[in-house]
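Side-chain atoms are counted along with the backbone in the values below, which use heavy atoms only and exclude waters and symmetry mates. Counting starts at 1 for both ligands and their atoms, in listed order.
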Amino acid sequence: MRVRFAPSPTGHLHIGGARTALFNYLLARKHKGTFILRIEDTDEDRSTAESTKSIFESMLWLGLNWDEGAMPDGMEKGSCGPYVQSVREAQGIYRKYADQLLREGKAFLCYCSPEELDESRKKALVEKRDPLYDGRCRSLTEDQRKAFEAQGRKPVARFLMSKEGSVGWTDLVHKEMKFENKVLSDFVMLKASGYPTYNFACVVDDHLMEITHVVRGDDHISNTPLQLHLYAALGWKAPELGHLSMILGPDGTRLSKRHGAASVGEYRRQGYLPETMKNYLALLGWSNPESQQLFKKGELEEKFDLKGCQKSPAIFDPVKLDWMNGEYIRLLPKEDFLALALPFVKESGLDISAGRVPLIDIVALEQEKCKLLAELPAKVEFFFKDPVYSPEAVAKTLKNPEVPQVIKGIKEVYSALPEFKEAPIEAATRAFAKSGGLKAGQVFHPVRVALSGRSDGPTLFRMIEYLGKEESLKRLDKALTLI
Ligand code: GLU
């Protein structure tokens, strides 16, 4: 099995592209095949080197290592290269096959200007016809061609599409697919610049790179009949073809920027782990018979199959993504969690030198509940500087009538504690509540808000131990002034 991911470097790697890359990678691993990365930079205006670099980075971050293709250091791996289409174009690879089709009368040169094409399209729409190319250059005479060239017109090469019959394939995901040829256009193979179009370059390269299975997003279904015509015209066997279901946002419309972060790099910056993204993306349009949700390292590579790919759209659910990230964060050894958290803490500008307790212990306190690394600095900040009192927490908890007495009382209890450690702090706090006839929550909640400024946070008595006696007493006093 030889599969490929063939991104167009016109932007960052997005969720849809990453899912396509992952499924191809998993297929290759499962079947001990080869995963190839080909850069499809035939859009001369929109392709950039930065996009290629960013796609490489995102793929490596996700752990989608490829066996052949363009490499980040500018070199290539594999014997079917070059793997960058602009480089292949410069070597005349596409022109060679376009010339062959022109010679064989399976393609023709078209001299129509963009304006002329536009006009004919509009006319077709007014006449309620499909706005297909009207075929006006299909049978130009030698003289007509020369006349156009004398006008300085540069031709494109178009495929001569049959108007009869149909084309079909058994899709690996969607099963039987069929298109009538009369709805297909004499599509452009080579542009006036000599650059190939996506459809043409894709077929030439998939063939020359010996791709056995093409797995891509279902936005390419309409390209597939054109590509199958090219395979037939060139006398090549087409690969197996599978089109992955569309990804929708939670509101049921196609996933886009509107639904939040869209690129893999943005998810990375927000503190999602690569393991989370890989696991989450795998479930966008695929499931195993057990509907397993979490996969151990290496498990997807064993369990993935095309049979589990569904054709109905997949829904991108950010709540599930956050849940899954929390699951993966909890699995981390605390040293690894610290290492991942550190850049986020540094970036936030938080001065951690004032802390009494090492950062690793403080972040470990938060690890249990953390869903996103980017949230961490705000969560641990109160250990290192005066708390910022949340107005809601103050209004909801500190304004209760018994609170001033509770705070004053607990302050006395804490200042008398010989050992300021989690267990004695807890015992003393509970005893204080009991002796005053208060429910535990009537003491715990105000103490938490008084010390951290927030009504949620890490396990309370460990938190108090880490703040230390002196700081805790100071904050209890401060809280009294807020009431
Ligand atoms: N360059 C195309 C894209 O990014 C590749 C489509 C394909 O896999 O054939 O959508």
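Here Pro289 pairs with nothing under the side-chain contact (heavy atoms from CB on, under 4.5 Å) rule; sequence neighbours left out. In this structure Arg269 satisfies the side chain to side chain donor-acceptor pair (under 3.5 Å) test with no other residue, sequence neighbours excluded. A search for ring pair (Phe, Tyr, Trp, His ring centres under 6.0 Å) contacts involving Trp66 returns Phe56, not counting sequence neighbours.
Look at Glu301 and Lys278 and you find a salt bridge, because one of the NZ, NE, NH1 or NH2 atoms lies within 4.0 Å of a carboxylate O, short of that distance. Using a 4.0 Å cut-off between a side-chain N of Lys or Arg and a carboxylate O of Asp or Glu, Glu57 and Lys53 qualify as a salt bridge.
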Short N or O contacts of ligand 1 with protein, under 3.5 Å, listed by atom name?
{"unit_1": "ligand 1", "atom_1": "1 (N)", "unit_2": "Ala6", "atom_2": "O", "d": "2.8"}
{"unit_1": "ligand 1", "atom_1": "1 (N)", "unit_2": "Ser8", "atom_2": "OG", "d": "2.8"}
{"unit_1": "ligand 1", "atom_1": "1 (N)", "unit_2": "Glu40", "atom_2": "OE1", "d": "2.6"}
{"unit_1": "ligand 1", "atom_1": "4 (O)", "unit_2": "Ser8", "atom_2": "N", "d": "3.4"}
{"unit_1": "ligand 1", "atom_1": "4 (O)", "unit_2": "Ser8", "atom_2": "OG", "d": "3.3"}
{"unit_1": "ligand 1", "atom_1": "8 (O)", "unit_2": "Arg4", "atom_2": "NH1", "d": "2.7"}
{"unit_1": "ligand 1", "atom_1": "8 (O)", "unit_2": "Arg4", "atom_2": "NH2", "d": "3.4"}
{"unit_1": "ligand 1", "atom_1": "9 (O)", "unit_2": "Arg4", "atom_2": "NH2", "d": "2.9"}
{"unit_1": "ligand 1", "atom_1": "9 (O)", "unit_2": "Tyr198", "atom_2": "OH", "d": "2.5"}
{"unit_1": "ligand 1", "atom_1": "9 (O)", "unit_2": "Arg216", "atom_2": "NH1", "d": "2.9"}
{"unit_1": "ligand 1", "atom_1": "10 (O)", "unit_2": "His220", "atom_2": "NE2", "d": "2.7"}

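For the residue pair Asp43/Tyr198, the side-chain donor-acceptor check at 3.5 Å is not satisfied.
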